[in-house]
Amino acid sequence: MAAQASDAPRVRVAALIELDGNVVLARHRADSRVYHLLPGGGVDWGETLPDALVREVAEETGLHCTVGPLVLVSDTIAPDRSRHVVNVVFRAEILGGHVTASPADERVEAVDLIAPSALASLDLRPPLAAEILEALQTPQFAARYVGSEYAEERKP
């Protein structure tokens, strides 16, 4: 079934979190396809970006965080224009909590801690592995708009 076209872009916040030298990712599964996202999710009406990020990170990972600087902004626009997501990625620091084995968000299969060098081998959505790696390796990384990035479905 094709996605329903929306009247406006959806805004999704995401957190770039390092834990023990690894990047925290939310693993999703759709049938036999597995893909990863930075933890985060949709911004509710009247909710600030930081408030949405703190809520979503807790729901998906069990971690409590504080929101740091803006890292990346991108669009995800489906080729058929049925879906448009504006992705806003912030650095985040862990304040407490533990990586959960049972995420509150039923769309999240698991929370994975991935070595930065392995990001490019994953089906990461949106496909921003190179930009995330650069942000991790560059102390004075300047936030940027990276354009429209869409991940084609990978065959299982």
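This chain uses plain numbering: 1 for the first residue, then up along the sequence.
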Inset, instruction - Would you sort out whether Glu56 and Arg12 count as a salt bridge (charged side-chain N to carboxylate O under 4.0 Å, His left out), showing the intermediate values? - result: CA-CA 10 Å; Glu56 288 284 351; Arg12 181 181 190 276; over 6 Å; no
Legend entry - Worked check of side-chain contact (heavy atoms from CB on, under 4.5 Å) between Val73 and Val146: CA-CA 6 Å; Val73 177; Val146 295; over 6 Å; no
Legend entry - Stepwise side-chain contact (heavy atoms from CB on, under 4.5 Å) check, Val43 with Leu49: CA-CA 7 Å; Val43 178; Leu49 298 177; 3.7 Å; yes
Inset, instruction - Might you work through the side-chain contact (heavy atoms from CB on, under 4.5 Å) test for Cys65 and Leu95, ending with a clear yes or no? - result: CA-CA 5 Å; Cys65 71; Leu95 295 176; 5.6 Å; no
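What you find for Arg10 and Gly41 is that their closest heavy atoms are NH2-C, 4.0 Å. Heavy-atom minimum distance, Gly68 versus Phe90: O-CD2, 3.5 Å. In terms of heavy-atom proximity, Ala15 sits nearest to Leu53 at N-CD1, 3.6 Å.
Note that the CG atom of Leu25 and the CG atom of Leu113 stand 8.5 Å from one another [nearest 0.5 Å]. The line from CG of Asp44 to CG of Asp51 is 10.5 Å long, rounded to the nearest 0.5 Å. Within the model, atoms CD of Glu60 and CG of Asp105 stand 5.0 Å from one another, a figure rounded to the nearest 0.5 Å. Remark: Leu19 CG to Ile114 CD1 distance equals 12.0 Å, nearest 0.5 Å. Note that NE2 of His64 is 14.5 Å distant from CZ of Arg55, once rounded to the nearest 0.5 Å.
Placement of Val89 and Val57 in two distinct hydrophobic clusters is found when ILVMFWY residues are connected by side-chain heavy-atom separations under 4.5 Å, directly or transitively. No continuous path of hydrophobic side-chain contacts links Val86 to Ile132 [ILVMFWY only; heavy atoms under 4.5 Å]. In the hydrophobic clustering of ILVMFWY residues, with side-chain heavy atoms under 4.5 Å counting as a link, Val71 and Val23 come out together. Both Val88 and Val67 are members of a single hydrophobic cluster when ILVMFWY side chains are connected at heavy-atom separations under 4.5 Å.
Contact check on Glu149 versus Arg125 returns no salt bridge, with no Lys/Arg side-chain nitrogen under 4.0 Å from an Asp/Glu carboxylate oxygen. In this structure, Glu18 pairs ionically with Arg91, as a charged nitrogen and a carboxylate oxygen lie closer than 4.0 Å.
The side-chain heavy atoms of Val85 and Pro9, taken from C-beta on, include no pair separated by under 4.5 Å. Leu16 is listed as a side-chain neighbour of Leu38, based on a closest heavy-atom distance under 4.5 Å. Residues Thr76 and Ser148 form no side-chain contact, since every pair of their non-hydrogen atoms from C-beta on lies 4.5 Å or further apart. Taking the side chain as every heavy atom from C-beta outward, Thr61 and Val24 approach each other to under 4.5 Å. With a 4.5 Å cut-off on side-chain heavy atoms, Ile17 and Ile94 count as touching. Within the 4.5 Å cutoff, the side chain of Pro116 has heavy atoms near those of the Leu136 side chain. No side-chain heavy atom of Leu124 sits under 4.5 Å from any side-chain heavy atom of Leu37. The shortest side-chain heavy-atom distance between Tyr150 and Pro126 does not fall under the 4.5 Å cut-off.
Applying the side chain to side chain donor-acceptor pair (under 3.5 Å) test to pairs two or more places apart or on separate chains, those with a residue in residues 126-140 are Glu134-Arg144. Residue pairs that meet the side chain to side chain donor-acceptor pair (under 3.5 Å) test with at least one member in residues 94-103, sequence neighbours left out, do not exist here. Among residues at least two apart or in separate chains, side chain to side chain donor-acceptor pair (under 3.5 Å) pairs with a member in residues 21-30 are Arg27-Glu109, Arg27-Asp112, Arg29-Glu109.
With no hydrogens or angles considered, a side-chain donor-acceptor pair links Tyr145 and Asp75 at under 3.5 Å.
Heavy-atom contacts from other residues, nucleotides or ligands closer than 6.0 Å to CD of Glu93 number 12 or fewer.
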